[in-house]
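Report on the structure given below.
Per chain, numbering begins at 1; letters A, B, ... match sequence-line order.
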Amino acid sequence: AFVKHGGSLVDDTKPIDEHSMPYFLIVIYDEITIQNWRTIDTTLSKKKFYQSLKAFNERQSANKVAFIQSLWLSECLKQKKYVQISSYELKADSDNNKQEDLKECTKRKNSDENVDNLKKPKISEQELMNDKKRIVKYQEEYKSDSDSSYCDDESTMGLSNKDFFELQLYSKSTNESWTCAHSSKEQTENLNEHITDKLEKMLTIYENKNEKYRALGYQKAILILKRHPKQIQSKEEALALPGIGKRIADKIWEILQTGDLRKLDEMSSREDTNSLKLFTDIHGVGPTTAHLFLTQGYRTLEDLKTKANLTRQQKIGLKYYDEFKQRIPRDEVSKIENKVKCAALSLKHGLIVQACGSYRRGQATCGDVDILITHPDRKSHKGIFTRLLNLLHEQNFLTDDLVVQEENCDNQCKYLGVCRLDEANSLHRRIDIIVVPYDEYACALLYFTGSTHFNRSMRHLARKLGLSLCEKSINKNVRRKGVEKVNTGERLV
DNA sequence: TGTCAGTGTTT
DNA sequence: AAACAC
DNA sequence: GACA
Ligand SMILES: O=c1ccn([C@H]2C[C@H](O)[C@@H](COP(=O)(O)OP(=O)(O)OP(=O)(O)O)O2)c(=O)[nH]1
Ligand SMILES: [Mg+2]
């Protein structure tokens with residue numbers, strides 16, 4: 001949770017728990033947020049303590065700095081809420097207390113050990129900065145998108161089923177508590193919208209042009225900018241961010257100077273760019289097909305309807321073109337989730353039915369509805385899939401099928417289709433339903449909650465660690481020949 | 001210069 | 001095998 | 001397009 005909120009954990013090889021009690025956290029915080037933290041060894045001398053605290057204070061003039069016993073973190077975890085730091089704090093301004101506290105705490109660790117043999121604390125300013133660079137790199141690459149305020153079942157207020165990493169160490173100054181269920185109104189706002197708006201247009205243009213990895217570059221830069229807590233003022237400031245290189249920094253500079261991006265204006269004024277966008281917004285039409293349509297002389301959706309030969313999915317995509325472009329408000333997603341949940345439970349008690357995707361990430365509106373179904377008895381999910389789809393079809397809830405993947409018997413099943421609530425003025429919505437065995441619940445939930453960037457990032461990390469993560473499992477020793485698997489390896493989770 | 005996620009369906 | 005989707 |  002700390003890392004997710006931009007904190008950095010220096011000694012990430014040592015887990016923080018009761019067994020590593022004799023560590024302290026240095027916490028940098030403002031009124032609302034824990035900004036930063038690090039662990040330190042408690043063989044810290046009084047002199048070093050003052051030195052480092054002073055250094056911190058100078059660098060972080062706007063924020064407050066505190067030394068806290070790691071016990072505080074343990075308490076937070078135990079109580080599953082944000083505990084006031086004050087009683088765990090070592091006060092710098094009260095000399096006596098501090099010295100005693102420090103002694104008190106070091107004693108726990110060193111009572112039966114030889115203090116002198118322990119490795120010396122290292123906390124020089126230089127080292128802090130080095131560490132910082134290393135950690136920041138890690139954070140930027142692997143922390144989830146800023147929209148990842150997890151929001152499970154808002155009616156159950158208890159946090160008991162929340163995993164630690166889902167908890168947000170983010171408290172309001174008035175009411176200090178975990179705020180896991182944020183509406184998107186509270187999400188940190190994008191202070192660089194004027195820049196990201198333009199870059200996002202560049203992104204879709206390159207996506208539609210099939211320049212996958214150039215698009216990836218833009219995507220990463222945009223996500224970095226969106227969660228950057230300050231407005232970018234200069235080229236250097238942009239260049240300093242990981243994920244932003246010279247070429248995008250130049251573009252940012254141009255936007256800052258002139259308010260425009262010549263390259264973008266030039267590209268988007270070309271007529272084909274717009275038609276390309278028009279076509280790729282159809283479900284089932286990608287960059288290649290869109291380009292093909294262009295070369296065939298089609299320019300409008302009407303052209304496609306009458307002249308082009310379309311696949312089954314593309315016809316459905318075209319039929320609901322306008323409806324699918326509308327975002328779905330949260331409460332409607334919740335209604336749809338309920339509808340499916342009721343249908344599912346009527347078939348079998350105890351099924352877990354939850355909406356994932358952008359809904360579970362707390363977004364105000366969603367592009368589609370993603371529903372995950374499993375059963376804790378490890379058996380009853382079998383056979384549910386087809387029966388559920390039949391039932392929902394009978395209820396005229398599902399109107400069209402795009403993909404029905406019945407990976408026979410006990411494997412994961414996937415449905416991509418179209419649904420509509422039985423209400424006046426309700427629109428047709430895209431719905432994805434997956435049914436998974438309970439063994440694969442964890443990985444499936446991780447996958448289906450996303451975001452896409454989060455998944456790719458985490459899978460990249462897994463690969464670097466010699467593992468392979470997918471929506472079913474996490475595996476070890478997967479050998480590949482190109483993309484082809486030679487060996488599925490051993491399943492770990 | 002190589003890497004950027006991993007899996008499944010449709011055509 | 002390429003294109004598209006999640 | 002960015003980065004190791
Ligand atoms: O290329 C992809 C697309 C999706 N997903 C996962 C993450 C995502 O969160 C989930 C659901 O996909 P969807 O396309 O619905 O994305 P979303 O995050 O729910 O956003 P939207 O609001 O557009 O539905 O599937 C991937 O892993 N890779
Ligand atoms: Mg979705």
Side-chain angles (χ1 to χ4, degrees), chain A residues 134 137 140-142 199 202-203 205-224 238-252 263 279-293 309-317 324 356-358 366-372 401-408 411-417 430-434 436 440 443-444 446-465 467-475 478 480 482-485 488-489:
Chain A
R134 183 169 61 80
K137 172 72 196 97
E140 294 311 328
E141 186 57 25
Y142 301 115
L199 293 184
M202 297 289 287
L203 169 68
I205 289 174
Y206 284 124
E207 271 175 354
N208 295 340
K209 281 183 131 186
N210 227 352
E211 302 207 26
K212 191 185 166 194
Y213 290 112
R214 192 190 302 274
L216 182 67
Y218 275 91
Q219 178 70 77
K220 283 184 177 168
I222 290 167
L223 288 169
I224 296 281
L239 208 47
L241 297 173
I244 296 184
K246 185 172 176 307
R247 307 193 62 183
I248 288 190
D250 281 341
K251 292 184 173 65
I252 291 175
K263 177 112 179 173
F279 293 159
T280 50
D281 278 347
I282 304 169
H283 183 103
V285 178
T288 309
T289 323
H291 193 260
L292 177 67
F293 288 157
N309 54 332
L310 303 169
T311 66
R312 195 181 58 84
Q313 294 193 17
Q314 287 163 353
K315 284 175 193 156
I316 298 173
F324 287 173
C356 301
S358 44
C366 305
D368 66 356
V369 184
D370 306 293
I371 294 182
L372 170 66
D401 301 339
L402 291 164
V403 176
V404 182
Q405 174 190 353
E406 263 181 288
E407 180 92 25
N408 279 328
N411 259 332
Q412 289 199 1
C413 304
K414 181 166 72 176
Y415 173 83
L416 313 182
R430 281 278 298 104
I431 183 167
D432 304 342
I433 301 175
I434 63 175
V436 309
E440 298 173 359
C443 290
L446 188 67
Y447 155 73
F448 218 35
T449 302
S451 66
T452 299
H453 177 249
F454 174 93
N455 286 351
R456 293 171 72 172
S457 175
M458 188 159 168
R459 289 167 182 207
H460 184 40
L461 171 61
R463 185 176 258 243
K464 286 210 313 186
L465 297 175
L467 305 171
S468 174
L469 171 66
C470 68
E471 54 268 43
K472 300 172 183 161
S473 58
I474 170 164
N475 288 35
V478 178
R480 282 196 160 83
V483 283
E484 207 178 335
K485 269 196 229 169
T488 57

Query - Test side-chain contact (heavy atoms from CB on, under 4.5 Å) applied to Ile244(A) and Lys220(A), step by step - result: CA-CA 8 Å; Ile244(A) 296 184; Lys220(A) 283 184 177 168; over 6 Å; no
Requested in this report: List the steps, then state whether side-chain contact (heavy atoms from CB on, under 4.5 Å) holds for Phe454(A) with Arg459(A).
Outcome: CA-CA 8 Å; Phe454(A) 174 93; Arg459(A) 289 167 182 207; over 6 Å; no
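- Between Ala249(A) and Leu239(A), the closest heavy-atom pair is CB-CD1, 3.6 Å.
- Side-chain nitrogen and oxygen atoms of Thr288(A) include at least one within less than 4.0 Å of the OP1 or OP2 phosphate oxygen of dC4(C).
- Distance, Ile434(A) CD1 to dT9(B) C1': 16 Å, rounded to whole Å.
- Within 4.0 Å (heavy atoms only), Asp368(A) reaches no atom of the nucleic acid at all.
- When side chains are defined from C-beta on, His283(A) counts as touching Arg430(A), because their heavy atoms get closer than 4.5 Å.
- Distance Ile224(A) CD1 to dA2(D) C1': 11 Å, rounded to the nearest Å.
- Heavy atoms of Gly245(A) sit under 4.0 angstrom from primed sugar atoms or phosphate atoms, though from no base atom.
- Judged by distance alone, the side chains of Asn208(A) and Thr280(A) do bring a donor and an acceptor atom under 3.5 Å apart.
- Counting any heavy atom pair closer than 4.0 Å across all strands shown, Leu239(A) reaches no nucleic acid atom.
- Here the side chain of Ile248(A) is nearest to one of dC4(C), dA2(D), dC6(C), namely dA2(D).
- A distance of about 28 Å separates the P atoms of dC6(C) and dT3(B), rounded to the whole Å.
- Nucleic acid contact for Val404(A): none, since no nucleic acid atom lies under 4.0 Å from a heavy atom of the residue.
- In this structure, His283(A) atom NE2 and dT10(B) atom P are separated by 11 Å, rounded to whole Å.
- Between the CG atom of Leu203(A) and the C1' atom of dA2(D) there is a distance of 14 Å, rounded to whole Å.
- Look at CG on Leu310(A): it is 14 Å from C1' on dT10(B), rounded to the nearest Å.
- Counting only heavy atoms from C-beta on, Thr311(A) has its side chain closest to dT11(B) among dT11(B), dC4(C), dC6(C).
- At whole-Å resolution of the value, OH in Tyr218(A) and C1' in dC4(B) are 17 Å apart.
- Exactly one residue among Ile224(A), Thr452(A), Leu203(A) makes a side chain to side chain contact (heavy atoms under 4.5 Å, CB included) with Gln219(A). That residue is Leu203(A).
- Using a 4.0 Å heavy-atom cutoff across all strands shown, Glu211(A) reaches no nucleic acid atom at all.
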Pairs under 3.5 angstrom, nitrogen or oxygen only, protein versus nucleotides 5-8 of chain B, please.
{"from": "dA5(B)", "atom 1": "OP1", "to": "Arg456(A)", "atom 2": "NH2", "distance (Å)": "3.2"}
{"from": "dA5(B)", "atom 1": "OP2", "to": "Arg456(A)", "atom 2": "NE", "distance (Å)": "2.9"}
{"from": "dA5(B)", "atom 1": "N7", "to": "Arg456(A)", "atom 2": "NE", "distance (Å)": "3.3"}
{"from": "dA5(B)", "atom 1": "N3", "to": "Arg459(A)", "atom 2": "NH1", "distance (Å)": "3.0"}
{"from": "dG6(B)", "atom 1": "OP1", "to": "Arg463(A)", "atom 2": "NE", "distance (Å)": "3.2"}
{"from": "dG6(B)", "atom 1": "OP2", "to": "Arg463(A)", "atom 2": "NE", "distance (Å)": "3.1"}
{"from": "dG6(B)", "atom 1": "OP2", "to": "Arg463(A)", "atom 2": "NH2", "distance (Å)": "3.2"}
{"from": "dG6(B)", "atom 1": "O4'", "to": "Arg459(A)", "atom 2": "NH1", "distance (Å)": "3.2"}
{"from": "dG6(B)", "atom 1": "N3", "to": "Arg459(A)", "atom 2": "NH1", "distance (Å)": "3.4"}
{"from": "dT7(B)", "atom 1": "OP1", "to": "Lys485(A)", "atom 2": "NZ", "distance (Å)": "3.2"}
{"from": "dT7(B)", "atom 1": "OP2", "to": "Arg480(A)", "atom 2": "NH2", "distance (Å)": "3.0"}
{"from": "dG8(B)", "atom 1": "OP1", "to": "Lys472(A)", "atom 2": "NZ", "distance (Å)": "2.3"}
{"from": "dG8(B)", "atom 1": "O3'", "to": "Gln405(A)", "atom 2": "NE2", "distance (Å)": "2.9"}

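- We find that CZ of Arg312(A) is positioned 14 Å from P of dA5(C), with the value rounded to whole Å.
- Put simply, CD on Gln313(A) is 10 Å from C1' on dT11(B), counting in whole angstrom units.
- To the nearest whole angstrom, the two P atoms, one in dA5(B) and one in dC3(D), are 16 Å apart.
- Side-chain atoms of Asp432(A) and Tyr415(A) include no donor-acceptor pair closer than 3.5 Å.
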